[in-house]
Amino acid sequence: MCGIVGVLGRHQAAPVLIEGLKRLEYRGYDSAGIATVNEGRLGRRRAVGKLVNLSDLLVHEPLAGTAGIGHTRWATHGAPSLQNAHPHARERVAVVHNGIIENYRALRAFLAEQGLEAETETDTETLAMLCDYYLHQGLAPVAAARKTIARLEGAYALCFLFEGEEDLIVAARQGSPLAIGWGEGEMFVGSDALALAPMTAEITYLEEGDMAVVTRAGCAIEDAGGSPVERPRSAVAQSVAAVGKDGHRHFMAKEISEQPAVLGAALDYYLDGGAGQRALEQIDFTRFDRVVMVACGTASLACLTAKYWFEQIARLPVEVDIASEFRYREPPVSERTLALFVSQSGETADTLAALRYCAGKAGMILSVVNVPESSIARESGLALPILAGPEIGVASTKAFTCQLAVLAALALEAARQTGALPAGLLQEHAAQLRQVPGQVAEALACEREVRGVASQLARFSHALFLGRGALYPLALEGALKLKEISYIHAEGYASGELKHGPIALIDEEMPVVVLAPHDGLFGKSVSNMQEVMARGGKIVMVSDARGLEDGGESIWQPVRMAPVPGPFAAIPYAVPLQLLAYHTALEKGTDVDQPRNLAKSVTVE
């Protein structure tokens with residue numbers, strides 16, 4: 001979602017704000033703006049569209065000042081427009097905001113009674129109006145901000161900048177992440193470590209309900225009850241500071257190519273006596289009679305894949321829920337339930353709310369995250385890092401496969417503890433999982449073939465994806481990726497469901513991507529393919545050499561994979577689907593890294 005940067009610096013703030021906002025582009029946005037204080041006066045510049053539009057505006061209309069706040073907006077209340085872009089300002093205050101203020105209509109009604117009318121469609125403008133109202137009532141800036149924050153309901157990360165105050169930013173968070181960056185004679189605020197990495201080596205994450213009074217000398221933090229509190233500082237990882245495309249055309253291409261390395265690092269950590277294996281051993285799987293996995297988007301499909309592994313390898317029943325439905329369904333959760341939450345950012349609003357629902361009910365809260373300092377990680381009994389490194393492309397690639405790798409290691413540990421598999425077979429599966437990084441490296445070699453498929457696929461408006469077993473969730477993921485970045489309508493199905501409705505869609509204008517490794521279910525997959533081809537459908541078959549040979553000569557487009565023995569084929573088979581979406585998007589000329597209407601981190605419901 002939206003991105004925030006704040007600066008109390010020694011140099012001009014505008015270039016620093018723009019650089020920080022560039023590092024937050026991955027979150028998705030439709031407009032951007034900055035505000036500064038210079039010689040006591042507030043100034044503001046905003047632009048619709050990409051950050052380059054704001055940068056161009058600042059060339060022609062510079063904005064001086066060493067104190068400032070910036071924002072990239074992803075529209076919630078009100079269409080993308082200059083009027084609705086942040087920062088929002090009134091006479092004596094400017095505000096940037098991530099989240100949704102649920103009671104903004106009631107606050108507007110209060111302000112209307114005071115003779116104050118809104119000029120925009122946004123909920124955020126209400127905050128600037130309310131804070132300015134309190135300033136005119138005689139409150140000092142910090143007190144006005146505190147009183148404004150006290151009246152808010154909903155989710156927010158906020159920064160206030162005040163007329164006449166060149167050494168003050170007031171920041172607050174509730175349900176949306178915000179961090180403070182420490183410097184020498186300067187201080188920073190940002191939505192995450194990525195935004196702050198070029199500016200600072202140390203950050204402090206605000207907790208739920210915190211308010212921070214930031215000056216160049218440091219920051220004073222109050223908790224939700226208004227009491228002074230200390231929050232720990234943590235170092236910014238070098239991998240975060242060094243984010244770049246490394247010669248690739250897009251971040252997505254870079255992140256696809258990084259998968260063998262990051263998977264290798266993750267499996268080193270969780271297998272063969274690594275520190276991660278010792279973390280897995282802290283989980284007593286004998287206490288649980290079921291696992292509940294909760295996530296959103298691609299992370300939920302990683303959970304659905306892992307369900308097959310937990311049930312087949314560890315013989316442990318698994319329920320997979322979409323977080324936005326789980327919390328409102330109010331399912332029964334007991335001490336015999338292991339509640340597992342998966343999130344790349346660790347800040348996904350629905351997943352975090354589902355975790356809080358399970359707190360105090362489940363026997364253990366476990367999370368699989370890419371950001372160890374995130375809210376979901378901090379509120380878990382145990383957080384397992386996926387070690388994917390920063391993922392900038394909105395469409396998840398390396399985070400997805402690293403989630404799968406960690407969940408696979410978790411399933412093997414569950415099987416070891418419960419004795420669900422003979423020791424020899426367990427060791428065989430562990431060895432097969434250890435081979436996955438190499439298999440993913442081999443899968444990257446199919447890119448030339450996939451590029452040819454994409455050049456054909458780009459002319460269609462619809463596509464189906466089919467898979468069986470643990471490849472069924474992967475079919476869902478392949479369809480999701482194609483939708484996300486190429487804007488082609490696609491649906492994923494379990495192959496056996498073809499005859500229960502989707503086959504009605506099959507004609508010569510319906511390409512069907514079939515994931516069919518030559519395994520125990522291969523014969524059934526071929527039968528489904530024959531049904532498609534008999535009705536004029538075009539088959540893209542992703543399989544190994546033996547599978548492609550047995551699939552027959554009527555395959556429209558083959559994609560050759562190396563054989564993948566064992567239960568973990570879904571991980572290397574994710575690669576051709578990622579490449580297919582990527583190259584189809586290139587053919588169609590869409591914005592690969594920042595597809596329309598999407599945000600990387602969804603921190604509001």
Side-chain angles (χ1 to χ4, degrees), residues 2-8 35 37 67-71 86-88 90 92-104 107 123-124 126-135 137 139-163 165-182 187-192 195-196 200 202-234 347 349 352 373-375 378-379 603-604:
C2 317
I4 286 175
V5 181
V7 175
L8 295 174
V37 182
I69 54 177
H71 191 267
H86 296 215
H88 286 284
R90 275 304 201 250
R92 298 172 61 185
V93 64
V95 181
V96 291
H97 164 226
N98 295 350
I100 292 177
I101 304 303
E102 295 175 355
N103 64 330
Y104 84 100
L107 295 175
D123 55 340
T124 304
T126 313
L127 310 183
M129 294 170 63
L130 187 60
C131 188
D132 193 58
Y133 167 77
Y134 288 132
L135 290 170
Q137 295 298 304
L139 292 183
V142 173
R146 184 183 290 113
K147 193 164 184 178
T148 299
I149 293 164
R151 295 193 66 172
L152 304 183
E153 298 174 10
Y156 53 80
L158 297 170
C159 284
F160 295 85
L161 188 70
F162 297 93
E163 181 98 1
E165 299 284 348
E166 298 191 39
D167 191 24
L168 175 66
I169 290 175
V170 177
R173 72 152 289 183
Q174 178 70 46
S176 193
L178 200 62
I180 307 297
W182 299 80
M187 294 288 286
F188 310 94
V189 184
S191 298
D192 59 29
L196 300 179
T200 179
E202 282 191 315
I203 58 175
T204 293
Y205 288 93
L206 297 184
E207 300 284 346
E208 288 290 273
D210 281 356
M211 186 185 92
V213 178
V214 185
T215 66
R216 287 177 177 82
C219 78
I221 301 175
E222 301 173 5
D223 64 17
S227 301
V229 64
E230 294 289 331
R231 300 297 185 204
R233 300 190 196 186
S234 59
E347 301 290 350
L352 182 57
E373 305 87 359
S374 62
S375 299
R378 292 197 303 268
E379 296 188 27
T603 56
V604 297

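What you are looking at is a predicted structure, and each value in this text was computed from that prediction instead of being measured.
- Put simply, CD on Glu379 and CD on Glu207 are 8.0 Å apart, with the number rounded to the nearest 0.5 Å.
- When atom types are taken as modelled, the side chain of Arg173 and the backbone of Leu206 share a donor-acceptor pair closer than 3.5 angstrom.
- With respect to the salt-bridge test (charged N to carboxylate O, under 4.0 angstrom), the residues Arg216 and Asp167 qualify.
- The side-chain heavy atoms of Leu107 and Leu152, taken from C-beta on, include a pair separated by under 4.5 Å.
- Under the side-chain contact (heavy atoms from CB on, under 4.5 Å) test applied with Ile4, the options Leu158, Ile69, Leu178, Asp192 reduce to a single match, Leu178.
- Here the shortest heavy-atom pairing between Gly68 and Leu161 reads CA-CD2, 3.9 Å.
- A side-chain contact (heavy atoms from CB on, under 4.5 Å) with Ile101 is found for exactly one of Thr124, Leu130, Leu127, namely Leu127.
- Heavy-atom minimum distance, Ala212 versus Ile180: CB-CD1, 4.2 Å.
- Residues passing the side-chain contact (heavy atoms from CB on, under 4.5 Å) test with Ala179, sequence neighbours excluded: Leu196, Tyr205.
- The two residues Glu222 and Val229 make their nearest non-hydrogen contact at C-CG1, 4.0 Å.
- Contact annotation: the side chain of Cys219 never approaches that of Thr204 to less than 4.5 Å [non-hydrogen atoms, C-beta and beyond].
- For the pair Asp123/His88, no side-chain contact is recorded, criterion being any heavy-atom separation below 4.5 Å from C-beta on.
- Using a distance-only test at 3.5 Å, with no hydrogens or angles considered, no donor-acceptor pair links the side chain of His97 to the main chain of Tyr156.
- Contact record, Ala172 with Ile149: CB-CD1, 3.6 Å, taken as the closest heavy-atom pair.
- The distance from atom CG of Asp223 to atom CD of Glu208, rounded to the nearest 0.5 Å, is 12.5 Å.
- Contacts of Gln137 classified as side-chain contact (heavy atoms from CB on, under 4.5 Å), with partners at least two apart in sequence or in another chain: Tyr133.
- Glu153 and Asn103 make their closest contact through N-OD1, 3.0 Å (heavy atoms, listed as atom of the first residue, atom of the second, distance).
- Side-chain atoms of Arg92 do not come within 3.5 Å of backbone N or O of Phe162 as any donor-acceptor pair.
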Derivation of the side-chain hydrogen bond (donor to acceptor under 3.5 Å, both in side chains) call for Ser375 and Glu347: CA-CA 6 Å; Ser375 299; Glu347 301 290 350; 2.7 Å; yes
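- Taking each heavy atom of Thr148 and Cys131 in turn, the nearest pair found is OG1-CA, 3.2 Å.
- The side-chain heavy atoms of Glu165 and Val37, taken from C-beta on, include no pair separated by under 4.5 Å.
- Looking only at side-chain heavy atoms (C-beta outward), Arg146 and Leu139 stay at 4.5 Å or farther from each other.
- Note that the CZ atom of Phe188 and the CD1 atom of Ile203 stand 12.5 Å from one another [nearest 0.5 Å].
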